Amino acid sequence: MTNYTSTLLRTLSERGYIHQLTDAEGLDKLANSSVIPGYIGFDATAPSLHVGSLVQIMMLRRLQQAGHKPIVVMGGGTTKVGDPSGKDESRKMLTPEGIQANIASIRTVFERLLTFGDGPTDAIMVDNDEWLSALGYVDLLRTVGPHFTINRMLTFDSVKLRLDREQPLTFLEFNYMILQAYDFRELALRHGCRLQMGGSDQWGNIINGIELTRRMEGKELFGLTTPLLTTADGAKMGKTAAGAVWLNEEQLPAYDFWQYWRNTDDRDVGKFLRLFTDLPLDEIARLEGLQGSEINAAKVVLANEVTKLCRGEEAARAAESTASATFGAGGVGEDLPVLILPAEGIGIIDALVGIGFAASRGEAKRLIAGGGAKLDGVGVTSENHHIIGGCEVRISSGKKKHGVLRPV
């Protein structure tokens, strides 16, 4: 079904969020007749989520924009177990204190993108540790275990892929799908939740929750997944050579976040504008249609809009201003990484390592040999080059990494 009548499914469809739906007609009808509480779960394995999670957060935003109620489920309980979906290795065990600190840090991004409160369409954030840790394991197995068969659990991609690659899957992680299914049932009982959304790798887990709740409570629930999000060159969204693109400022400065979006492949601009901004679809179509070097203007719009949503308007303005000064006038922007330049100066290798453009002296030497190291836009050819103290210098690695060497 593609001729949706509800604002919710029409919006999700037009902007490219829908991959699979359990009952399109039923959900469309429900969205037209009542407020739907819908949830997505996020594990708290780090102090920040990264860009790979942004499409899920934006789906909760679309849910609220369409007049429904987002439920953000933080996996305080499931983080203790570890979701094997898409993973080749077991995840590192965190302390309960570490998990709660991560949840507090992650919440700050959600507060920018969703409206929280006590109203019928206000978002709420809940922690599944509230009910999972209260369960005695034997009680859980006796209550929920009979509704799962090992035969079926072994067919799910999250399990099959790990086994196919001959990577160990611990019994602890194997329980994750049972706990996530129990989450959906618990949210349906506690908060009237009717919809679970997630990435395509969560389809099996979502179906488990729907079936468990139908068998135990007789309630009808719905599931919706997004397509696997990759960039035009096939890379996984949110990963770069430099590491994860974190949503929180503490893990990644606003300028680097802005620059990630500014460097979007031409072929991805339209898709990213639809998924990650609130711009009207006709304006997105205009920007997507820009040709040649004009497409760079659309990339600046994309970078500004996403940075504004995730980091605030001031951060977006500062990042664009820094980029303009760095790339346009050849100046030095305020948000670039800074390394203090000693009065006696510094060697180029020490400068590249010190500012973080190279992880080691050997890597710095290779960067210089490959012509990637520049000072004030001029290539450095000798690894013995000495930068004199007393003057501010712009240092670059390739075309996209820039920093400042600032005098004491």
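These numbers come from a predicted model, not from an experiment.
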### Query
Does Ser48 use its side chain to pair, donor to acceptor, with the backbone of Leu247 at less than 3.5 Å?
yes
### Query
Are any of the side-chain heavy atoms of Leu405 and Ile340 separated by less than 4.5 Å?
no
### Side chain to side chain, Leu302 and Arg262, heavy atoms closer than 4.5 Å
no
### Ile395 side chain reached by Val404 side chain, heavy atoms, under 4.5 Å
no
### Query
Who pairs with Asn263 by side-chain hydrogen bond (donor to acceptor under 3.5 Å, both in side chains), at least two apart in sequence or on another chain?
Gln259
### Query
Of all residues at least two apart in sequence or in a different chain, which pass the salt bridge (Lys or Arg N to Asp or Glu O under 4.0 Å) check with Glu130?
Arg190
### Query
How many angstroms lie between CD in Gln20 and CH2 in Trp203, if you round to the nearest 0.5 Å?
4.5 Å
### Query
Quick one: side-chain hydrogen bond (donor to acceptor under 3.5 Å, both in side chains) partners of Asp266, sequence neighbours excluded?
Lys299
### Message
Evaluate Phe276 against Trp261 for ring-ring contact (aromatic ring centres under 6.0 Å, His included), listing each step before the verdict.
### Response
CA-CA 10 Å; Phe276 301 116; Trp261 297 99; 5.1 Å; yes
### Distance-only side-chain donor-acceptor flag, Gln202 / Gln196, under 3.5 Å
no
### Query
Can you check whether Ile346 reaches Leu339 side chain to side chain, under 4.5 Å on heavy atoms?
yes
### Query
Is the Phe110 to Phe42 ring centre distance short of 6.0 Å?
yes
### Task
Given salt bridge (Lys or Arg N to Asp or Glu O under 4.0 Å), test Arg152 with Glu211 step by step and report yes or no.
CA-CA 13 Å; Arg152 184 136 190 260; Glu211 291 180 354; 2.9 Å; yes
### Contact summary for Thr213 and Ala188, nearest pair of heavy atoms
CG2-CB, 4.3 Å
### Query
Any cation-pi pair here, Arg62 with Tyr17, using under 6.0 Å and within 45°?
no
### Query
Passes salt bridge (Lys or Arg N to Asp or Glu O under 4.0 Å), Lys29 versus Glu25? Steps please.
CA-CA 6 Å; Lys29 188 176 175 184; Glu25 195 173 340; over 6 Å; no
### Message
For a 4.5 angstrom cut-off between non-hydrogen side-chain atoms, does His191 reach Ile124?
### Response
yes
### Query
Are any of the side-chain nitrogens in Arg274 or Glu288 under 4.0 Å away from the carboxylate oxygens of its partner?
yes
### Task
Begin from the C-alpha positions of Glu217 and Arg185 and carry the test salt bridge (Lys or Arg N to Asp or Glu O under 4.0 Å) through to its verdict.
CA-CA 8 Å; Glu217 310 298 336; Arg185 170 186 174 266; 2.8 Å; yes
### Query
Residues two or more places apart in sequence or in another chain: which of them pass side-chain contact (heavy atoms from CB on, under 4.5 Å) with Asp129?
Lys80, Asp127, Ser133
### Partner set under salt bridge (Lys or Arg N to Asp or Glu O under 4.0 Å) for Glu320, not counting sequence neighbours
none
### Query
So, His402 and Ser396: side-chain donor and acceptor under 3.5 Å apart, yes or no?
yes
### Message
Before you tell me yes or no, could you show the steps for Asp183 and Leu132 under side chain to side chain contact (heavy atoms under 4.5 Å, CB included), namely the whole-Å CA-CA distance, both residues' side-chain angles and the distance that decides it to 0.1 Å?
### Response
CA-CA 8 Å; Asp183 279 352; Leu132 292 181; 3.8 Å; yes
### Query
Are any of the side-chain heavy atoms of Ile284 and Val269 separated by less than 4.5 Å?
no
### Task
Look only at the side chain of Thr79 and the backbone of Gly75, and say whether a donor-acceptor pair between them is shorter than 3.5 Å.
yes
### Message
Can you see whether Asp28 engages Ser6 through a side-chain donor-acceptor pair at a distance of less than 3.5 angstrom?
### Response
yes
### Message
Tell me if the CD atom of Glu111 is crowded by more than 12 foreign heavy atoms within 6.0 Å.
### Response
yes
### Message
With heavy-atom distances below 4.5 Å as the criterion, would you say the side chains of Val51 and Phe257 are in contact?
### Response
yes
### Query
Do Leu341 and Arg406 pass the side chain to side chain contact (heavy atoms under 4.5 Å, CB included) test, and can you show the C-alpha distance, the side-chain angles, and the key distance before you say yes or no?
CA-CA 5 Å; Leu341 182 60; Arg406 189 159 285 158; 5.8 Å; no
### Message
Using 30° and 60° as the class boundaries, would you call the ring planes of Tyr255 and Trp258 parallel, tilted or perpendicular?
### Response
parallel
### Task
Examine the side chains of Asn248 and Ser105 and answer whether a donor and an acceptor come within less than 3.5 Å of each other.
yes
### Task
From the options Lys308, Arg15, Arg61, select the one residue that forms a salt bridge (charged side-chain N to carboxylate O under 4.0 Å, His left out) with Asp278.
Arg61
### Task
Look at atom NZ of Lys271 and say whether more than 12 heavy atoms of other residues, nucleotides or ligands are closer to it than 6.0 Å.
yes
### Query
Between Arg194 and Tyr39, is NZ or CZ placed under 6.0 angstrom from the six-membered ring centre and within 45° of the ring axis?
no
### Query
Do any N or O atoms from the side chain of Asn102 and from the backbone of Ile99 form a donor-acceptor pair under 3.5 angstrom?
no
#### Entry: Straight-line distance of Thr45 OG1 to Ile106 CD1, nearest 0.5 Å
7.0 Å
### Ionic contact status for Glu220 with Arg214, cut-off 4.0 Å
no
### Message
Arg286: which residues meet the salt bridge (Lys or Arg N to Asp or Glu O under 4.0 Å) condition with it, sequence neighbours left out?
### Response
Glu283
### Query
Where the side chain of His19 meets the backbone of Thr226, is there a donor-acceptor pair that is under 3.5 Å apart?
no
### Query
Would you call Ile206 and Ile210 a side-chain contact if the rule is heavy atoms closer than 4.5 Å?
yes
